[in-house]
Amino acid sequence: MKEKITPLFLKLKTYWKTPPKGYQVSYKEFVNLSMGYGGISFLSVLITWTTIAMNIPLMITYFKVTSGMVFVLTMLGSLIALVRSPILSMIIDNSNSEKGKFKPFLIWSAILTAVSFGLIPYIPQSWTENIVISFSIPEIPILGVAASNVSLSTAVVVMFVLLQIGTFFSTLLNQAMAGIEQTISSVAQERANIGALRGLICNIPSSVVNVVMPAAAGLFFSAGAVTGMNNIWLYRIFFPLCSVGGVLFVLFAYFGTKERVVVNKKYVAKVKFWEGAKELSSNKYFWIITILTVVVGIRAQANIYLWVCTYGIGGKAGDTAMAICNIVLNNALVPGMVFGPLLIKKFGKRNCLLVANTLFVAMVAVQLAAVNNPYLILVCIFFQNLCGGFYYISTVMVSDVLDYQQWKTGKRLEGFWQNYTAFISTLIGLFTGMLAPLFLSFGGIGFGDDINVALQNHELMVGAFKYTTVLALIGAVLSAVPMFFYDLTETKHTNYVRVLKLRAATDNYKSNELQDEDIVNVKEITEEAVRDNNFFVLEEMKKYSFLGEISAKYDEAAQRIKEKEEREKMEVQERENELKEKVRAEKKNRK
């Protein structure tokens with residue numbers, strides 16, 4: 001056992017502060033990024049259990065939402081999002097802080113996210129009885145929708161306002177963290193490795209909490225009128241803990257990561273929203289990934305395990321099933337994250353995602369055939385999550401496409417990408433938002449019906465399972481299509497990055513800001529292009545007459561970089577020796 005552990009320990013020790021050869025991120029920085037995402041994982045617990053949806057216990061029992069209410073509030077939220085997206089885009093993509101483009105937003109957005117979502121369970125229950133708005137939804141015979149009445153209480157209105165405030169800051173936090181991950185390295189394979197391994201680590205907080213919560217619900221909240229996951233005190237206990245954990249963990253990313261955008265030293269981010277939107281609109285890869293994002297949201301309707309556990313199984317057995325599902329279903333994502341980097345290296349991102357999406361379709365089809373068997377539904381959801389574990393590959397693709405966009409236009413558009421995607425998704429969401437209530441109505445649950453009551457009727461429950469899965473199957477089929485049109489290969493991306501490094505170096509040379517890393521990049525890229533007869537890079541080289549002058553400085557630059565690395569290693573060794581001496585002295589004193 002010792003021989004197996006020692007090489008791993010040595011590798012961890014060697015690369016803790018110094019990245020492996022050919023990579024840019026040390027293990028310590030990777031851990032800090034993962035811990036920062038762990039903060040988002042903590043905060044995601046608050047967001048998950050306060051989502052205005054028809055399968056969230058807090059919503060259907062405490063706030064008493066109906067499918068019509070969900071539809072109306074979702075549409076209103078979408079309209080607000082149309083305003084939110086341009087604001088967030090301009091905030092992020094015009095950031096020029098000395099601390100980086102993204103890091104300045106982390107701390108305060110995490111705090112405001114925690115406060116906004118954390119207050120929701122503390123809205124007084126008496127407010128749920130005070131109706132402030134009431135309106136009718138007319139009959140729509142062609143769609144089989146019956147006339148219904150929708151009422152909004154004071155509690156729902158306040159909850160909705162807090163959600164919108166929290167969503168603004170949580171979106172900013174997520175985009176800032178995603179921006180750090182997208183720029184933490186310019187090496188595509190390293191980004192793929194980071195995306196996969198980071199996903200394994202960062203989801204631990206929410207996975208643990210989402211297991212403990214149902215277990216606590218069954219152990220301590222099994223008596224009384226409102227039991228299990230429906231008891232409001234469960235959320236009043238766990239939300240403050242997750243809020244504090246979320247903010248503290250984000251500090252690791254703030255203090256322990258570095259943004260590495262391949263731009264010249266004089267680059268200043270300044271892009272107008274509609275200018276960025278126009279440029280992204282001409283990028284076919286943007287549309288491929290955006291369409292994928294939208295339809296993946298529709299196929300996610302297949303994950304009805306909360307309904308299955310609460311109503312299909314029910315009682316203490318349902319609480320137990322939910323606790324098990326929160327362990328097993330979340331861990332079903334792990335194989336995709338573990339083996340994803342290896343499969344990407346062998347088959348490419350496109351092929352991996354294409355196969356995973358196709359298998360997802362098959363498992364939703366099986367679920368549709370098993371709507372009368374709650375346990376078989378859970379098995380299908382497990383395999384769907386197994387395939388869904390590869391979906392993170394699409395976020396790695398975004399980083400590749402952003403490099404392509406910079407090569408094409410000269411601009412970095414991380415914030416615009418995220419928010420323009422959100423803008424487009426929201427526009428589409430104005431139409432897709434009515435799909436879930438509509439398909440529920442096909443199953444017999446009207447827009448104004450109390451979902452909690454309806455799902456306790458076996459016939460209505462099975463109808464809800466069936467038609468929600470039909471909707472998910474449509475989304476799953478559509479999610480398998482976009483990857484057929486994605487042709488940004490790993491080889492193409494590598495060439496784009498090489499060209500970007502050449503451009504950054506030549507711009508720095510012209511402005512007398514040339515760095516040793518620029519010199520080494522020029523030397524290695526130009527020699528490699530000539531050796532491999534890389535037409536793409538050779539064409540870029542023709543644009544500059546002074547690459548030879550930069551390459552001539554290589555020996556001195558390489559020597560300075562080597563000396564710097566040796567100094568850093570010596571400093572690390574000195575600290576380790578000092579620590580060893582302290583340990584020896586402490587042992588001696590004890591004797």
Side-chain angles (χ1 to χ4, degrees), residues 25 29-30 32-44 47 81 84-85 87-95 97 99-110 113 167-188 190-203 206 246 249-254 256-262 269 271 276 280 285-286 289-290 292-293 296-297 337 340 349 391-406 411-425:
V25 181
E29 186 177 2
F30 164 73
N32 284 327
L33 176 71
S34 299
M35 294 288 280
Y37 265 105
I40 291 181
S41 181
F42 267 123
L43 295 175
S44 73
I47 297 169
R84 180 173 63 235
S85 295
I87 294 173
L88 288 172
S89 291
M90 290 187 290
I91 288 175
I92 292 177
D93 276 328
N94 291 287
S95 170
S97 170
K99 294 185 180 295
K101 183 175 181 179
F102 306 102
K103 291 197 332 187
F105 304 109
L106 292 181
I107 297 177
W108 57 271
S109 62
T113 298
T167 300
F168 181 91
F169 292 110
S170 68
T171 303
L172 179 59
L173 174 62
N174 277 276
Q175 292 183 359
M177 193 69 75
I180 293 173
E181 182 178 358
Q182 289 166 356
T183 59
I184 199 169
S185 173
S186 60
V187 182
E190 184 174 29
R191 287 200 297 243
N193 296 345
I194 288 172
L197 297 175
R198 183 270 299 166
L200 290 174
I201 298 173
C202 75
N203 288 323
S206 61
F249 272 51
V250 163
L251 296 178
F252 283 93
Y254 181 81
T257 61
K258 182 179 179 181
E259 300 169 28
R260 296 178 180 85
V261 181
V262 184
V271 188
L280 284 178
Y285 302 118
F286 167 81
I289 295 178
T290 297
L292 176 65
T293 302
V296 162
M337 297 175 181
K349 303 180 190 70
Y391 179 65
Y392 83 92
I393 294 174
S394 66
T395 63
V396 181
M397 289 175 167
V398 171
S399 300
D400 293 352
V401 176
L402 285 168
D403 288 334
Y404 163 79
Q405 184 72 32
Q406 185 185 351
K411 295 183 176 68
R412 296 294 304 185
L413 298 172
E414 288 90 355
F416 277 94
W417 178 287
Q418 296 174 67
N419 287 291
Y420 191 43
T421 298
F423 186 85
I424 298 298
S425 300

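- Among all heavy-atom pairs drawn from Ser170 and Thr113, the shortest one is N-OG1, 3.0 Å.
- The structure places OG1 of Thr395 at 9.0 Å from CD1 of Ile289, a figure rounded to the nearest 0.5 Å.
- Between the CD1 atom of Ile47 and the CG atom of Asn174 there is a distance of 6.5 Å, given to the nearest 0.5 Å.
- A donor-acceptor pair under 3.5 Å is formed between the side chain of Ser34 and the backbone N or O of Phe30.
- The distance from atom CE of Met177 to atom CD1 of Ile40, rounded to the nearest 0.5 Å, is 4.0 Å.
- Under the 4.5 Å side-chain criterion, counting only non-hydrogen atoms from C-beta, Phe42 is not in contact with Val250.
- Side-chain contact between Asp400 and Tyr285: absent, with no pair of heavy atoms (C-beta onward) separated by less than 4.5 Å.
- Side-chain atoms of Leu173 and Trp108, non-hydrogen and from C-beta on, never get closer than 4.5 Å to each other.
- Here the closest non-hydrogen pair linking Ser394 and Leu292 is CB-CD2, 4.0 Å.
- Within the 4.5 Å cutoff, side-chain heavy atoms of Glu181 are placed close to those of Tyr37.
- Considering every non-hydrogen atom in both Val396 and Lys349, the closest pair reads CG1-CE, 3.5 Å.
- In terms of heavy atoms, Leu106 sits closest to Ala176 at CD2-CB, 3.8 Å.
- Once rounded to the nearest 0.5 Å, the distance linking OH of Tyr254 with NZ of Lys103 reads 7.0 Å.
- Listed for the Ser41 side chain is a donor-acceptor partner under 3.5 Å among the backbone atoms of Ser206.
- Val401 and Phe286 get closest at one heavy-atom pair: CG1-N, 4.5 Å.
- Of all the heavy atoms in Phe168 and Arg84, the pair that sits closest is CD1-CG, 3.5 Å.
- A donor-acceptor contact shorter than 3.5 Å is absent between the side chain of Lys258 and the backbone of Glu29.
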